[in-house]
Amino acid sequence: MADSTTSPTLAGWGKPDLDLTGAQWRSSSSGAGDVQIAFVEGFIAMRNGERPESPSLIFAPDEWHRFVRDARGGEFDLT
């Protein structure tokens with residue numbers, strides 16, 4: 001059972017409301033405007049590096065693994 005000090009979850013999403021202010025963001029390249037990720041409290045946050053103030057997507061580890069697998073397999077290719 002979770003104690004009262006855990007982060008509240010977003011209704012319907014089952015994800016914590018993470019504090020990303022101190023997150024160490026990583027980029028896939030050194031260019032501006034790319035996707036950035038950060039590992040925070042056991043979750044993976046993803047944001048638009050060109051607009052870091054915009055909302056971040058939060059993935060549980062199993063969701064992240066599926067996302068990466070599908071991206072590598074071409075699931076999200078637009079061409």
Side-chain angles (χ1 to χ4, degrees):
M1 182 176 215
D3 67 314
S4 61
T5 61
T6 59
S7 299
T9 57
L10 299 174
W13 291 94
K15 306 281 175 61
D17 186 15
L18 300 175
D19 179 6
L20 302 175
T21 55
Q24 294 185 5
W25 294 95
R26 300 176 184 190
S27 295
S28 60
S29 68
S30 60
D34 56 349
V35 172
Q36 297 177 326
I37 64 168
F39 299 94
V40 180
E41 297 181 29
F43 290 86
I44 298 88
M46 183 169 65
R47 71 178 183 183
N48 178 347
E50 195 170 279
R51 303 190 82 162
E53 71 284 352
S54 62
S56 297
L57 296 174
I58 306 298
F59 293 88
D62 61 325
E63 294 171 319
W64 180 252
H65 291 296
R66 285 193 306 268
F67 172 75
V68 170
R69 181 198 63 213
D70 292 347
R72 287 179 178 162
E75 179 72 24
F76 308 111
D77 289 350
L78 300 175
T79 58

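Quick note: residue numbers are just sequence positions, from 1.
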Residues 53-61, side-chain donor-acceptor partners within the protein, below 3.5 Å, at least two apart:
unit_1: Ser54; atom_1: OG; unit_2: Arg51; atom_2: O; d: 2.6

Pairing residues for Arg26 by the salt bridge (Lys or Arg N to Asp or Glu O under 4.0 Å) criterion, not counting sequence neighbours: none
Point-to-point distance, once rounded to the nearest 0.5 Å, from CD of Glu50 to CG of Asp34: 9.5 Å
Minimum-distance pair of heavy atoms, taken over all atoms of Trp25 and Ala45: CZ3-O, 3.5 Å
CD/Gln24: more than 12 non-hydrogen atoms of other groups inside 6.0 Å: no
All salt bridge (Lys or Arg N to Asp or Glu O under 4.0 Å) counterparts of Asp77, not counting sequence neighbours: none
